[in-house]
Structures are given as structure tokens and as C-alpha cells.
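Here the structure comes first, spelled out in C-alpha cells, and everything after it is commentary.
The sequence lines fix the lettering, A, B, ..., with proteins before strands; numbering per chain opens at 1.
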Amino acid sequence: MAVAPGVRDASEVAEEISSGRLVTEEMLLNVGPQHPATHGVFRLLATIDGEKLVDAEPVIGYMHRGYEKLVEQRDYRQITNLVSRMDWLSNIQNELPLAMAVESLMEIEVPPRAQYLRVIMCELNRILNHLMFFASFGAELGAITPTFYAFREREDIQMAMEAATGGRMHFGFFRPGGLKEDVPRGFIAQALKGVRQVIDRLPDYENLLLGNEIFKQRTIGVGVLEKEVAYSYGVSGPIARGSGIDFDVRKDEPYLVYDQFDFQVSTAPNGDCFDRFWVLVHEVVESAKIVEQAFEGLPSGPVMGKVPRVVQAPVGEIYVRSENSLGELGMYLISDGDRRPYRLKIRTPSYNNVSALGHVLRDTFVSDMIAILGSFFFVLGDIDR
Amino acid sequence: MPATKVAAQDALGRVQAALGDKAVEPQVNFGQVDIACAPEHLVEVASILRDDPGLSCRFFTFLSAVDRSEFGDEGQGLEVLVHLYSPDHVLHVNIHVPVNPAAPVCPTLTGVFWGASWHERETREMFGIHFSGHPNLTNLYLPEDFEGHPLLKSFKLPSRLIKEWPGAKDPDEAAAGGR
């Protein structure tokens, strides 16, 4: 059969492919900086050879706001509202290590009621965060329905948080020494309603995704993160636990009153997208159980310790960490005795987690890329802080 | 395997036994081990901390730097700060590595911990510390043509030089009669 000039005979090409002689060329593919699977402005510089990802380099910094410099110009009260904006899905948890660091340096004792309420709010925030990723991971893989359910369940908890703090996103509620104020009447009922709904309904939602054959095919065995690699990159949170690492600051070094509650740390052994998501979903129920227990034991009393009018940490340095929704959030605070920190190094979970992304993406397929990106559960504000 | 916490003094003893005189001024600070070490020993110190079975600080927490030039009355130098953590023994080690502020150089840790790569790139652009041996020491956050190293104390925020922070910053400065 005659072919037009410059066009190769199809049978010749087919022969080259089947014999493995076909010469392929690498191509540079830019994913982002705007992509729905990245939860912010994130670019992935992918080198692809056909369907294979030869190399993938995450490019970050599009939202860098220079918090570590800004905090040196502001006093501790002002910083609370800055760090709240780092990870915009775990806002109230971001405020916690800062408050704890200042309290440790100043030797402030936080009243029990404030500690319990902090645990409750952190865990409510974890449920909000995890339900958000539950929704978005499904959506990224083409399942829209979980989004509606997740947002419906989020609403009651969101309203409870709004009633207490006045904000739906940025709460600004933790102060060195305790809380801004006590929670309003009705908060407990509203929050309990929210968590009970989550406990009742989550098993049904789980089956929507974890029991779905298409979901399993797209996630099982995809994007495996090995245990030792996770350690070497400092990967923490649900992603590390999805790689079989039993690592949870709430259990290993209990802060606040976490040692008072009975809860399980979920881990899964395989380190693939499915296991990461499995861990995330199971943590929601554990968080809900912690909230229930904390309400049962909630003591009465003040919510603010004895704090001087001007918060001024004495000379010293301390590293404080807490279990954020996405992993270990640490703050290394150096104070020279001023009302501003001399240096505050903020170690965010998403930063370390995403630095391992290039390693995991290498030698996978383009069709799996979005599943892997989505299963790394990161927030760009937390990386770029 | 559940982690078993090692008491701070015990941890200090283990670090001293493993590192000998490479760990300068070892001490316990808020339950964590604090050591200083010379830049030329950093790679060896980090490897020992990672591989010693009694320590096994396998978890790379962070690497950053501190510019102490305005700390206290006379000020101090520039240092690289590394935090390693042992998930098995619940043990933290902070490594302070003083570097020469005039020409700050520190060997790279990328051969010991893969995660060090991004942290060193960030520290390079923010503090101007060169990490010798790093495979790709380009800017991570800042544009390539950015001048200066923002986290050095000598780098002032331009907007604060022009105009003071608007409004009262401290309770003492607030106008009387308010609250």
C-alpha cells in the first residue's frame, strides 16, 4: 500500500514497537502551577518518556510569605494569627506548638479546662481536615459523591467551631496560657452532634471509596513509599503511618492531656495510595472518639492561666512539636528575652512530606500521577509558609 | 513496635558514649539532647546518630540555621541547626554547627538523609550558607535574581524601615480610656 511522503508505514512502526527497537524521546511536562489536585499553587516538572515518568521535580515557592522573618517583627499574640494561616485546613492546630513553646519557656501552667478544650478543638480540626481530603481524593479520582457527604458532615463541626471562635477558617483561639475565652453555651451539644454523625455515618462512606473496585484498582500498589525512605525524608503523619510506621506524637510524647484518652494509632503496611487513604479515614473515627471522651471528662474552671500583661519569654530555646492533621508540626523557638521571638524555625509536616514526592513519582505512570499527588495530602500554605 | 521513651540523662550518656569528643558541650535542654559540633565532623556525627543501635535517630526532622549576631549584648556567630529524632527511643538530638559568618560553608547531609536536600537549599538562600557537595543547590523559594539573604539579621524588612507598624502594638502603648 502506498503511503504519503514523510509518513511511515504503520506495519513498520508496529514491528519496531513489538521488537523494542522504537526510539522514544523524553518530554518535559509542566503540571501546574494551577492544578486542582494540588490544593494550592504547586508545579511539578515531569520528565516523561511515553507514559512513564522518568523524573519528577516538585517546584514550590509560589506562595512563600516569609513567616520566619515576619514573626521576628511581631509579638507572640500577633504570631498566633500568622501561624494560623500556614496550613489553612488545620488552623487551630498550627497555633498549638507556638502556645506550648511560650508556656514552657515562661513556665506558665495551663488550667485543665483549657487543656481539654484544646484537645477537643484540635481533634475537631483534624476531623474537618481529614473529611476535606476524603472529599478531594475521591474527586481527584473521578468520584464526586463523597464530596457532598463529606461536606455535609463537616458542616455541624464547622458551625461548632464558628460558634466558639467566630471564624470558619482562621480561628485565632489559642493564647499562650490558655484560650481566648470559654466556649459558648451550646458548643458541646453542637460539637457532639457533629462527631456522633461522623461515627455513625463514616462506615457507609468508607465503602463508597475503600470498597469500590475502580478506586482499588487505581490505588492499590500505586505510589509505594518505603519505610526507610519515609524516615530519611522525615515523612510523618498519615502518610508515614500508611507506610507501616507507628509514629504519632500524641502517643509517643503525649502533650496536653492526650495520655488520658483511649485511642488507636492506625497504621497500614503497604505504603501505597490505598493504605495512606485507609489510615486517613480511620483516623477520623479515632479523633471523634477522643472528642467524646474529652467532653465526658471536661473539667470546669478557668480557661486562662496566670499570664503577665505583656507576654515576654525569658532567654532560652526549645523545640516543641505536636501531631498536626498531616504530620509533625514543630517549632524551634529561640528567645532573647524580648516580647518577640529572636528566631522561630517552623518545621511543617507538608514540607518534609512533599520533598519525598519526587522519589515516589519516579518510574510510575502518568495515569497514576494524580492518584499519588492526591494521596500525599498536602496543603501548599504549609509548604510555602 | 511501640516506642519506649529513653530518659533525658540516659539519652545524653548514650550520645556522649557514641560520639566521644566530637560532641562539644553536650547537655540536656527541655528533655532533648543538645550538642555542638564542628562542620568537618557533621556528616560523621549524623551518620553515627542514625546508625548507632542505642540511638537510631533515623527520622530527619529539620535542618536550618540561626543568625545569632544580635543575640545578647555582644552577639554571637552563625550556626547551622540540625534536629534528628529517634522514633524507636523517642529521643531528640539538636546539633548546633557554628560556621564562619564571613564565608559560611558546611558539608552537605544529603548523603546521610535524603530529606536534607530541600532544607539545605532553603538554608542556603535564606542565610547564604554554602553546603559543599550538595547536588543541586539552587533556590527553593526565592526567585533566582533575588538579592540578599532574608533571614540574616542584617536584612531589614523594607516596609518596616519606611513606616512603623500602624496602631498600638503593646498594651502599654494603647491609648488610655480604651480598655
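Annotation: ring-ring contact (aromatic ring centres under 6.0 Å, His included) contacts of Phe113(B) (sequence neighbours excluded): Phe60(B).
Side-chain atoms of Tyr85(B) and Tyr319(A), non-hydrogen and from C-beta on, never get closer than 4.5 Å to each other.
In this structure, chain B has no heavy atom under 4.5 Å from any part of Thr348(A). For Pro58(A), the parts lying near chain B are the backbone and the side chain together; criterion is any non-hydrogen pair under 4.5 Å. Contacts between Glu328(A) and chain B at a heavy-atom distance below 4.5 Å involve the side chain alone, from C-beta outward. With a 4.5 Å cut-off on non-hydrogen atoms, Tyr342(A) touches chain B through its backbone and its side chain both. At a 4.5 Å heavy-atom cutoff, the contact between Leu81(B) and chain A is made by side-chain atoms alone. With a threshold of 4.5 angstrom between heavy atoms, Val249(A) does not approach chain B through any atom at all. For chain A, the nearby parts of Arg68(B) are the backbone and the side chain; heavy atoms of each come within less than 4.5 Å. For Tyr332(A), the part sitting under 4.5 Å from any heavy atom of chain B is the side chain, from C-beta outward, and nothing else. Neither the backbone nor the side chain of Asp338(A) has a heavy atom closer than 4.5 Å to any heavy atom of chain B. The part of Lys345(A) that comes within reach of chain B is its side chain, from C-beta onward, which places non-hydrogen atoms under 4.5 angstrom from that chain. With a 4.5 angstrom heavy-atom cutoff, Phe30(B) touches chain A only via side-chain atoms.
At a heavy-atom separation below 4.5 angstrom, chain A is approached by Trp118(B), His119(B), Arg121(B), Glu122(B) within residues 117-125 of chain B. Along residues 126-142 of chain B, the residues that come nearer than 4.5 angstrom to chain A, judged on non-hydrogen atoms, are Met126(B), Phe127(B), Leu140(B), Tyr141(B), Leu142(B) in order of number. Of residues 147-155 of chain B, those residues lying under 4.5 Å from chain A by any heavy-atom pair are Pro150(B), Leu151(B), Leu152(B), Lys153(B), Phe155(B).
Between Glu44(B) atom CD and Leu49(B) atom CG the span is 10.5 Å, to the nearest 0.5 Å. To the nearest 0.5 Å, the span separating CD1 on Ile334(A) from CD on Glu317(A) amounts to 4.5 Å. Here the CG-CG distance, from Asn94(A) to Asp382(A), works out to 6.5 Å after rounding to the nearest 0.5 Å. To the nearest 0.5 Å, atoms CG (Asp87(A)) and OG (Ser350(A)) are separated by 5.5 Å. Rounded to the nearest 0.5 angstrom, Leu12(B) CG and Gln27(B) CD are separated by 8.5 Å. In this structure, the separation between CG on Leu380(A) and CZ on Arg385(A) is 12.0 Å, given to the nearest 0.5 Å.
At a cut-off of 3.5 Å, with distance as the only test, no side-chain donor of Thr61(B) or Arg321(A) sits close to an acceptor on the other residue. Of the N and O atoms on the side chains of Gln93(A) and Ser322(A), not one donor lies less than 3.5 Å from an acceptor on the other residue.
At least one donor-acceptor pair closer than 3.5 Å links the side chain of Arg65(A) to the backbone N or O of Arg85(A).
A cation-pi arrangement, defined by a distance under 6.0 Å to the six-membered ring centre and an angle within 45 degrees of its axis, is present between Arg58(B) and Tyr231(A).
Options Asp384(A), Ile383(A), Val265(A) differ in how many heavy-atom pairs under 4.5 Å they form with chain B, and the most are formed by Asp384(A). Of the listed residues (Val315(A), Val320(A), Asp336(A), Val59(A)), the one with the most heavy-atom contacts under 4.5 Å to chain B is Asp336(A). With chain B as partner, the option from Thr267(A), Ile245(A), Val235(A) having the largest number of non-hydrogen pairs under 4.5 angstrom is Val235(A). Heavy-atom pairs under 4.5 Å with chain A peak, among Gly31(B), Ala65(B), Gly115(B), at Gly115(B). For the options Gly337(A), Ser355(A), Ser104(A), heavy-atom pairs under 4.5 Å to chain B are most numerous at Ser355(A).
Heavy atoms from other residues, nucleotides or ligands lying under 6.0 Å from CD of Glu109(A) number 12 at most. For Glu144(B), the CD atom is densely surrounded, since the number of other residues' heavy atoms within 6.0 Å is greater than 12.
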Next on the checklist: Does His92(B) form a side-chain contact (heavy atoms from CB on, under 4.5 Å) with Glu253(A)? I'd like the steps, not just the answer.
Outcome noted: CA-CA 11 Å; His92(B) 300 259; Glu253(A) 261 186 315; 2.9 Å; yes
Checklist entry - Could you walk me through whether His96(B) and Glu25(B) pass the side-chain contact (heavy atoms from CB on, under 4.5 Å) check? => result CA-CA 10 Å; His96(B) 303 262; Glu25(B) 294 172 19; over 6 Å; no
Next on the checklist: Please evaluate residues Val45(B) and Val97(B) with respect to the criterion side-chain contact (heavy atoms from CB on, under 4.5 Å), reporting the C-alpha separation (whole Å), side-chain torsions for both, the decisive distance (0.1 Å), and the verdict.
Outcome noted: CA-CA 11 Å; Val45(B) 164; Val97(B) 187; over 6 Å; no
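The two residues Ala18(B) and Leu55(B) have their closest heavy-atom pair at CB-CD1, 3.8 Å. Taking each heavy atom of Val93(B) and Cys57(B) in turn, the nearest pair found is CG2-SG, 4.0 Å.
Between Glu70(B) and Arg340(A) no salt bridge is recorded (no basic side-chain N to carboxylate O distance below 4.0 Å).
Taking the ring centroids of Phe378(A) and Phe42(A), they lie under the 6.0 Å cut-off.
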